[in-house]
Trainee: 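This is the structure I want to talk about, given as structure tokens.
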Amino acid sequence: MATKILVAVKQVIALDEDFEIRADGKDVDADFFLRDLNEWDDFSLEEAVKIKEAGGEVEVVVVTVGPEEADESLRKCLAKGADRAVRIWDESMEGSDSQAIARVLAAAIKHEKPDLVFAGVQSSDHSFASTGIAVAGLLGWPHAAVVNQFDFSLGATQATIRRELEGGVLQMMNIDLPAVLSIQLGINTPRYASLRTIKQAAAKPIETLGLGDLSLNAAEVGEVGSASRVRRMYIPEKGRAQMIEGSLAEQAAKLAAIIKEFKGATV
Amino acid sequence: MSGILVIAEHRRGELRPVSLELIAAAESLKASSGGPVTVAIVGPSPDTFVAALKVTGVDEILTLAAGSGDFDPDTQAAAVSAAIAARSPSLVLIPHSVDAFGYAAVLAAQGGYGFATDVFKIESDSGAWVATRGGYGQKVNVELDFPGKAVVLLTVRAAVYKPAEGSSNPTVTALPVPNVSAHVRPGEYVEMSQADDVDMTAAEFIMSIGRGIGEEARVPQFRELADAMGATLGCSRPIADSGWLPKSRQVGQSGKTASACKLYIAMGISGAIQHLAGMKHVSTIVAVNADPGASIFSVAKYGIVGDIMEFGEELKTHF
Amino acid sequence: MIDSLSITRTLFEDFRPLAVTIFYAIGYGAIGIFLWGTWIQIRKYRYGTAYAVTGTLISRFKQMTGTMLTHRTLVRRDHAAGGAHALIFFGFALLFLGTSTITVEYDILKPLTGMRFWYGDFYLWFSLVLDVAGFMLGGGLVFMMWRRGWLKPPKLNYARPDRSPADPDYDRSGYRIEDWAFLWSLLIIAVTGFVLEGMRLVWLQGRPEVWDYRWWSPIGSAFAVAMRDLGLGAETAGTIRSGLWWFHGLIALAFIALIPFTKVKHIFTASASLMLRDPLAAQRLPRVPDSQESVGFSYITDLNWKQLLHLDACTKCGRCHEACPANATGAPLSPRDVILSLREFANKTLASGALPDQVELDIHGKSPGQVSMETLWSCRTCMACVEICPVAVEHIPIIVQMRRKLVEAGDMDPLLTKTLQTIAKTGNSFGESKRKRGSWTKALATPIKDARKEPVDYLWFVGDYASFDPRNQKVSQTFAGLLQEANVDFGLLYDSEQNAGNDVRRVGEEGLYDLLATANIEAMKNAQFKTIVTTDPHSFNTIRNEYGDFGGTFEIEHYTTLLRDLLTSGRLEVTRPLGYRVTFHDPCHLGRFNKGYDAPRDILKMIGCELIDMKRCRDNSFCCGAGGGRIWMPDPVGVEKPAQNRIREAAFIEGLEVYVVSCPKDLTMFEDATKTTGNEGRFVVRELIELVREAVASPVVLEAPVEQLA
């Protein structure tokens with residue numbers, strides 16, 4: 001039987017220059033949104049595709065929760081080697097936080113029955129660093145966060161992982177399968193998806209699922225199903241460094257003086 | 001539901017300093033919470049950490065004897081869950097650490113708690129908790145509230161609150177932890193490959209390079225500059241990930257903390273939050289960057305806008 | 001009076017009929033082997049993919065004949081070798097025509113109609129011409145031997161920059177044996193021909209119809225007279241003549257038989273290659289049809305038949321090897337080696353009637369005959385190789401097609417990967433917001449029109465570097481000021497403009513190129529203008545030569561021609577002739593690619609500069625190293641970069657004040673190189689636009705004249 005790896009991905013939002021906050025003060029004006037596949041998800045998808053390419057019967061399914069614009073990111077995943085792409089959306093999911101998204105993903109996992117679930121450690125936009133692990137909590141699955149090495153053979157009931165801790169320390173761990181792993185940058189080198197393969201991937205179908213398909217109800221998702229609610233969003237006042245002005249030579253001389261003064265003080 | 005529960009963290013037998021920062025945060029919120037500050041510590045012999053946790057503001061220490069001494073998410077979640085059940089706090093504070101990445105979200109999902117991560121500001125607005133965190137790659141601040149949630153669980157960013165000091169005389173209570181079968185078995189620790197034996201944590205003067213240097217070919221020039229100035233050469237994550245400098249020179253959350261550093265020159269580093277975590281405490285930070293809007297300037301004492309290649313060459317003439 | 005009919009050469013004189021039959025049998029055998037070999041080559045080419053020849057065959061034939069008769073491509077940058085080749089070529093051609101003439105009379109006309117013409121005056125002139133031809137051939141061959149054996153030009157050293165001495169295919173020593181065998185065999189044929197002629201004269205000295213007319217074969221008779229004076233008798237000469245006749249004949253026949261199997265085949269393949277020349281081979285890269293499943297070249301059979309033929313046309317002359325900027329700076333690339341490797345690969349895999357397994361056909365890698373990815377990524381697509389190749393081998397399309405496969409597989413430098421992703425996301429290589437493309441115009445006193453909103457005469461396509469690089473932004477601002485002063489009606493596409501795609505295409509990211517070109521074409525079509533103008537030669541090339549394939553045919557000029565017109569017509573007036581001693585760097589994409597050599601030089605003259613050209617100028621200009629996407633790839637540490645090599649060349653010019661460029665990337669590359677080669681302070685790098693500004697400026701606007709900076 002084929003091993004199925006489900007990779008949860010997100011289309012993240014970067015902000016364009018000189019962005020503005022929306023009139024209601026709860027989000028940034030969508031005009032300034034630049035969408036792209038989350039950087040971490042590139043790595044988790046690559047890890048799954050590498051397992052597939054190592055041989056054996058492996059199916060890689062990417063799943064995202066998001067509106068139609070997210071198809072673009074899913075096509076990128078298909079171009080990079082995912083076998084199937086599933087997009088889950090319902091208007092009631094608008095405003096979901098990481099916990100609500102986790103609920104949807106958990107339902108999708110019950111529906112897809114994968115043998116392994118990968119998620120990125122965090123998203124580059126809101127960086128909750130919690131969606132994947134919340135999914136594990138909802139499913140009661142074994143889980144580990146910030147994995148930067150994964151050794152596994154098809155059909156095994158356990159795998160060896162390595163977590164990346166703070167301060168340049170790594171830790172080896174042994175984990176029961178099936179499991180949910182949050183994947184850290186640097187675990188592999190994600191491949192480049194050429195624009196042509198992305199275009200070709202457009203021919204592959206993207207499956208779409210709604211609330212009903214996953215036996216969810218509207219109260220479990222969206223803002224009402226979330227563990228937090230946005231009260232206000234604002235651009236923080238930044239502390240400013242004292243700028244050293246002048247010509248290049250003057251600037252360098254000033255810094256050299258600061259350095260020399262510091263060294264004089266320490267010697 | 002009242003009071004604040006702080007989850008202290010330890011690794012390899014040492015209490016992690018962030019634990020004391022969270023106690024300080026809890027202490028500042030104690031009045032709003034209307035209850036005591038309780039600190040919970042989980043481990044095979046939690047008592048060893050009790051003395052270190054008797055700092056100002058702590059009303060009670062819960063010791064939860066469980067696990068092997070190394071973090072595993074299942075044991076930790078079960079123990080913290082037991083502590084929450086026992087004390088019914090309205091606010092639970094957990095360090096925003098790699099360990100917490102592994103279990104905080106599980107607790108929130110299973111307990112239906114209010115939940116936010118990487119929080120750097122906590123307030124109470126008419127009895128309701130309000131947490132502030134960054135959004136859109138730290139370009140905005142987001143204020144969150146938690147309507148209808150009796151318990152709010154927050155993971156708190158390190159190096160935001162000053163560690164609690166002083167002493168207190170809290171009650172110490174041992175709390176039983178239900179037996180769980182851990183699905184994850186911790187193994188040995190590995191230090192990141194040490195291609196050279198530099199100790200970033202001990203360096204007093206560091207010059208770090210970031211993405212702004214553009215290409216690997218330019219690394220030697222900066223190495224020469226650092227040598228000439230007598231600085232230790234460090235880098236941000238992208239440089240280490242590209243293999244341009246060994247991992248041991250990486251400053252930041254997943255690299256080294258510039259603990260002993262007093263003068264830090266950031267060349268072409270934009271100032272991602274992960275990097276700032278390792279250096280923003282340094283008393284004199286000088287940032288050189290082509291982008292006047294780079295967030296590194298918000299933590300730097302001195303800033304220079306300009307081409308780091310040209311600037312580096314010019315600076316070298318002084319040494 | 002001797003009957004003119006007897007003034008001829010009796011063929012097979014004194015041969016027994018059996019001997020003649022044997023000779024004919026061997027002759028037919030040789031021709032049979034030749035035909036069989038030719039078929040093997042044609043069969044090899046037929047394994048290639050389809051290629052539709054454009055234009056009429058007659059015009060192509062004329063063009064090829066013209067090139068061959070003038071030896072135009074062969075004498076370039078190597079007059080001596082070109083001249084010697086002309087001697088060999090014309091000598092050989094005349095000898096071949098002579099032999100054919102005899103065949104026409106003896107084997108066709110005479111047996112069929114009894115008609116003869118090879119006698120009398122015709123015969124005598126024929127003898128004289130062929131003697132001269134033989135002398136030319138021999139002379140050319142001897143020169144080539146001297147060149148190979150004593151002069152030893154570096155370009156004839158086949159040692160490969162992409163292999164190490166330990167590799168079996170490092171120095172291609174097999175080719176050296178073939179080179180010498182070729183020269184010697186032709187020389188032996190020529191010399192034995194003359195000796196044979198002399199022996200015949202000595203042998204037949206008693207016949208006045210032979211002996212009296214001997215000086216019509218001057219070399220043969222000089223030899224005959226000498227031998228006779230040395231005491232060689234008629235009978236002995238006859239014997240030697242018989243033996244030598246067979247020797248000469250057999251070598252000549254063997255030579256013919258071996259043509260398809262040796263370098264001699266370039267007689268045919270080079271001609272065909274010249275005939276199939278695509279004058280825009282490097283300027284306009286092949287489009288991938290939408291229906292095509294895969295992209296780029298993975299297997300030898302992905303090359304089209306014309307390209308397989310090009311491989312066989314290469315004569316290893318080394319002109320491309322010498323011109324290549326990658327090779328000159330130690331990169332593991334010589335265009336010649338790419339062609340030879342693929343040729344060897346094709347000969348090995350496509351020689352039989354059946355194809356080997358597909359895995360055997362993979363041309364990517366490091367085994368003999370394969371081309372490595374390091375080699376492919378070293379190419380700057382500067383067109384120096386294609387431009388100088390005397391036999392019209394088109395290297396760049398092959399290299400780019402192979403790169404397309406590398407891009408597809410993601411086998412590229414991480415920095416390049418990142419840049420391509422950035423361009424896909426933001427439409428520019430700087431990763432700047434689309435909104436900021438027009439930000440540089442904010443510094444101008446008079447705003448620039450938005451060509452999307454109002455009609456303009458000139459649509460200025462700015463390009464990435466001129467839009468986002470701070471140094472080049474200043475040049476853009478200066479150019480805008482000049483246009484405004486000259487009252488030129490112009491506008492921009494602002495944030496509707498994206499990277500033009502020239503370099504993206506040359507990297508091999510065809511899908512991204514398609515996207516960029518299509519988006520730009522759509523934006524251009526939505527604007528109203530007469531002509532496009534650009535300061536960027538890269539954008540200039542792709543819009544001029546490639547957008548047409550994507551449905552965008554526009555009139556475009558490089559700023560140098562526009563500025564020249566403005567200066568000529570007096571709309572810009574030179575008020576301050578500069579008097580600088582300058583040199584000019586021809587940008588690849590303006591010069592070689594689009595033959596824009598003269599406008600910048602005319603401008604320099606008009607603004608009063610003294611132009612001293614570098615040795616490598618115009619068509620032989622030396623790439624700055626940024627082309628083909630190399631600007632997005634790091635150069636190896638500690639090795640001279642092409643731009644440094646170039647600046648060192650310029651530094652030889654005595655009293656040089658300004659190194660003039662007319663390309664944004666050049667400005668970046670050469671300002672860098674001036675610093676890193678220690679030439680800062682000796683001379684400065686300036687955009688031509690900046691010099692024009694200085695020459696037409698009133699003192700108020702004059703910002704930083706060259707002399708203050710130098």
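Below, read A as the first sequence line, B as the second, and so on, with proteins coming before strands; counting in each chain starts at 1. Note that this is a predicted model, so its numbers are computed, not measured. What you see below is based on every heavy atom in this structure, not just the backbone, and it leaves out hydrogens, waters and symmetry mates.
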Trainee: Mind checking what makes salt bridge (Lys or Arg N to Asp or Glu O under 4.0 Å) contact with A/D36, not counting sequence neighbours?
Mentor: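 Partners of A/D36 under the salt bridge (Lys or Arg N to Asp or Glu O under 4.0 Å) test: A/K76, C/K425.
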
Trainee: A/Q251 side chain to A/I244 main-chain N or O, any donor-acceptor pair under 3.5 Å?
Mentor: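 At least one qualifying donor-acceptor pair exists.
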
Trainee: Please flag which part of A/A106 lies under 4.5 Å from any non-hydrogen atom of chain B: side chain, backbone, both or neither.
Mentor: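 Contact with chain B: none, neither part.
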
Trainee: Parallel, tilted or perpendicular, judged at 30° and 60°: which one describes the rings of A/F262 and B/F205?
Mentor: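 Geometry flag for B/F205 against A/F262: perpendicular rings.
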
Trainee: Using a cut-off of under 4.5 Å for heavy-atom pairs, which of B/P73, B/A158, B/A277, B/G112 has the most such pairs with chain A?
Mentor: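 Maximum pair count with chain A is reached by B/P73.
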
Trainee: Using a 4.5 angstrom heavy-atom cutoff, name the option from A/L248, A/I235, A/I258 with the most pairs to chain B.
Mentor: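 Of the candidates given, the most pairs with chain B belong to A/L248.
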
Trainee: Under 3.5 Å, is there a donor-acceptor pair between the side chain of A/D97 and the main chain of A/S228?
Mentor: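 Such a contact is found between A/D97 side chain and A/S228 backbone.
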
Trainee: Can you tell me which of B/I296, B/D74, B/D99, B/V251 forms the most heavy-atom pairs within a distance under 4.5 Å of chain A?
Mentor: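 Top option by heavy-atom pairs under 4.5 Å: B/D99.
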
Trainee: Chain B: which of A/Q158, A/M173, A/E166, A/M233 shares the most heavy-atom pairs with it under 4.5 Å?
Mentor: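 Going by pairs under 4.5 Å, I would pick A/E166.
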
Trainee: For the interface with chain A, which of B/F71, B/F146, B/Y302 has the highest count of heavy-atom pairs at distances below 4.5 Å?
Mentor: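 The residue among B/F71, B/F146, B/Y302 with the greatest pair count is B/Y302.
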
Trainee: Side chain, backbone, both or neither: which part of B/Y113 has a heavy atom under 4.5 Å from chain A?
Mentor: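 Just the backbone, heavy atoms under 4.5 Å.
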
Trainee: Please report the shortest heavy-atom distance between A/P142 and A/P178, naming the atom on each side.
Mentor: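 In this case the closest contact between A/P142 and A/P178 is CD-O, 3.1 Å.
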
Trainee: For A/T160 and A/M172, which heavy atoms make the closest approach, and how far apart are they?
Mentor: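 Shortest heavy-atom contact: CG2-CE, 4.0 Å.
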
Trainee: Pairing donors with acceptors under 3.5 angstrom, does anything connect the side chains of B/S295 and B/Q138?
Mentor: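 Their side chains do not contain a donor-acceptor pair, so the 3.5 Å distance test is not met.
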
Trainee: With a 4.5 angstrom heavy-atom cut-off, could you sort out which part of A/V121 is near chain B: side chain, backbone, both or neither?
Mentor: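 Contact with chain B involves the side chain of A/V121 alone.
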
Trainee: Using a cut-off of under 4.5 Å for heavy-atom pairs, which of A/A253, A/G186, A/A102, A/G132 has the most such pairs with chain B?
Mentor: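 Ranked by contacts with chain B, first place is A/A253.
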
Trainee: By a 4.5 Å heavy-atom criterion (distance strictly below it), what part of A/A249 contacts chain B: side chain, backbone, both, or neither?
Mentor: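 Both parts, backbone and side chain.
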
Trainee: Sub-4.5 Å heavy-atom contacts with chain B: which residues of residues 14-24 of chain A show up?
Mentor: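 Heavy-atom contacts from residues 14-24 of chain A to chain B are A/L15, A/F19, A/I21.
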
Trainee: Out of A/A257, A/A144, A/S130, return the one with the most heavy atom pairs under 4.5 angstrom to chain B.
Mentor: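 Answer, by heavy-atom pair count under 4.5 Å with chain B: A/S130.
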
Trainee: Quick check on the interface: out of A/Q242, A/M243, A/R232, A/R229, who has the most heavy-atom pairs with chain B under 4.5 Å?
Mentor: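 Ranked by heavy-atom pairs under 4.5 Å with chain B, first place is A/R229.
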
Trainee: Can you list everything that forms a salt bridge (Lys or Arg N to Asp or Glu O under 4.0 Å) with A/R162? Sequence neighbours excluded, please.
Mentor: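 Checked A/R162 against salt bridge (Lys or Arg N to Asp or Glu O under 4.0 Å); zero matches.
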
Trainee: Would you say B/T75's side chain and B/D72's backbone share a donor-acceptor pair under 3.5 angstrom?
Mentor: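 No, the answer is negative, given that no donor and acceptor are paired below the 3.5 Å cut-off.
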
Trainee: Using a heavy-atom distance cut-off of less than 4.5 Å, which residues of residues 218-227 of chain A contact chain B?
Mentor: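 Result: A/S226, A/A227.
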
Trainee: Please flag which part of A/R163 lies under 4.5 Å from any non-hydrogen atom of chain B: side chain, backbone, both or neither.
Mentor: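 Side chain only.
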
Trainee: Tell me, for B/L153 versus chain A, whether the close heavy atoms (under 4.5 Å) come from the side chain, the backbone, both or neither.
Mentor: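 Neither part.
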
Trainee: Among B/N141, B/D118, B/T117, find the one that has a side chain to side chain donor-acceptor pair (under 3.5 Å) with B/R133.
Mentor: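 Checked B/N141, B/D118, B/T117 against B/R133; only one passes side chain to side chain donor-acceptor pair (under 3.5 Å): B/T117.
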
Trainee: Side chain of B/S81, backbone of B/A78: donor and acceptor closer than 3.5 Å?
Mentor: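 No, the answer is negative, given that no donor and acceptor are paired below the 3.5 Å cut-off.
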
Trainee: Does B/K280 qualify as a cation-pi partner of B/Y264, given the criterion of NZ or CZ under 6.0 Å from the six-membered ring centre and within 45 degrees of its axis?
Mentor: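 Because its charged atom misses either the 6.0 Å distance or the 45° angle limit, B/K280 does not stack over B/Y264.
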
Trainee: Examine whether an atom of B/V286 lies under 4.5 Å from a heavy atom of chain A, and if so say whether it belongs to the side chain, the backbone or both; otherwise answer neither.
Mentor: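 Just its side chain gets close to chain A.
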
Trainee: Pick from B/G306, B/G135, B/A104: which one has the most heavy-atom pairs with chain A under 4.5 Å?
Mentor: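 Max contact count across the listed options: B/G135.
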
Trainee: Keeping A/N38 on the side-chain end and A/V12 on the backbone end, is there a donor-acceptor pair under 3.5 Å?
Mentor: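 It does not hold such a pair.
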
Trainee: Looking at every non-hydrogen atom in both residues, tell me the closest pair between B/R237 and A/E164 and how far apart they are.
Mentor: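 B/R237 and A/E164 have their closest heavy atoms at NH1-OE2, 3.2 Å.
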
Trainee: If I compare all heavy atoms of A/A136 with all of A/H143, which pair ends up nearest, and what's the gap?
Mentor: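 Heavy atoms of A/A136 and A/H143 come nearest at CB-CB, 3.4 Å.
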
Trainee: Tell me the closest heavy-atom pair linking A/V230 and A/K26, and the distance in Å.
Mentor: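 Result for this residue pair: CG1-O, 3.4 Å.
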
Trainee: Do you know the tightest heavy-atom contact between A/A159 and A/F152?
Mentor: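 What the structure gives for the nearest pair is CB-CB, 4.1 Å.
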
Trainee: Is a side-chain donor or acceptor of A/K50 paired with a backbone partner of A/N188 at a separation under 3.5 angstrom?
Mentor: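 Judged by distance alone, no pair lies under 3.5 Å.
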
Trainee: Between B/K139 and chain A, which part of the residue has a heavy atom less than 4.5 Å away: side chain, backbone, both or neither?
Mentor: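 B/K139 touches chain A through backbone and side-chain heavy atoms alike.
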
Trainee: Does any N or O in the side chain of A/E46 come within less than 3.5 Å of the main-chain N or O of A/P190, such that one atom is a donor and the other an acceptor?
Mentor: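 Pair absent, no side-chain N/O of A/E46 close to backbone of A/P190.
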
Trainee: Can you confirm whether the side chains of A/D125 and A/S123 place a donor and an acceptor under 3.5 Å from each other?
Mentor: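 Indeed, the side chains of A/D125 and A/S123 share at least one donor-acceptor pair under 3.5 Å.
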
Trainee: Please look at B/T317 and chain A and tell me whether the side chain, the backbone, both or neither of the residue comes under 4.5 angstrom of a heavy atom of that chain.
Mentor: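 For B/T317, there is no contact with chain A at all, as no heavy atom is under 4.5 Å.
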
Trainee: Name the region of A/F33, side chain, backbone, both or neither, that has any atom closer than 4.5 Å to a heavy atom of chain B.
Mentor: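 It is the side chain, since no backbone atom gets that close.
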
Trainee: Please state whether the side chain, the backbone, both or neither of A/S124 comes within less than 4.5 Å of a heavy atom of chain B.
Mentor: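 Contact with chain B is through the backbone of A/S124 alone.
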
Trainee: What part of A/Q99 gets closer than 4.5 Å to chain B, counting heavy atoms only: side chain, backbone, both or neither?
Mentor: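 Only the side chain of A/Q99 comes within 4.5 Å of chain B.
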
Trainee: Under 4.5 Å heavy-atom distance to chain B, tell me which part of A/Q184 shows up: side chain, backbone, both or neither.
Mentor: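 Just the side chain, heavy atoms under 4.5 Å.
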
Trainee: Checking B/P147 against chain A: side chain, backbone, both or neither under 4.5 Å from a heavy atom?
Mentor: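 B/P147 touches chain A through side-chain heavy atoms alone.
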
Trainee: Using a 4.5 angstrom heavy-atom cutoff, name the option from B/D145, B/V140, B/V184 with the most pairs to chain A.
Mentor: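 The candidate making the most pairs under 4.5 Å is B/D145.
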
Trainee: Can any side-chain N or O of A/S153 pair as donor or acceptor with the backbone N or O of A/A156 at less than 3.5 Å?
Mentor: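 Side chain of A/S153 to backbone of A/A156, a donor-acceptor pair under 3.5 Å: no, none is there.
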
Trainee: Against chain B, label A/V146 side chain, backbone, both or neither, depending on which of its atoms sit under 4.5 Å from a heavy atom there.
Mentor: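 When you check distances to chain B, only side chain atoms of A/V146 fall under 4.5 Å.
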
Trainee: Among the options B/V288, B/T284, B/D125, B/T132, pick out the one with the most heavy-atom pairs lying under 4.5 Å from chain A.
Mentor: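 Highest number of pairs under 4.5 Å: B/D125.
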
Trainee: Donor-acceptor check, side chain of B/T257 to backbone of B/S259, threshold 3.5 angstrom: yes or no?
Mentor: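 No: the side chain of B/T257 does not pair with the backbone of B/S259.
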
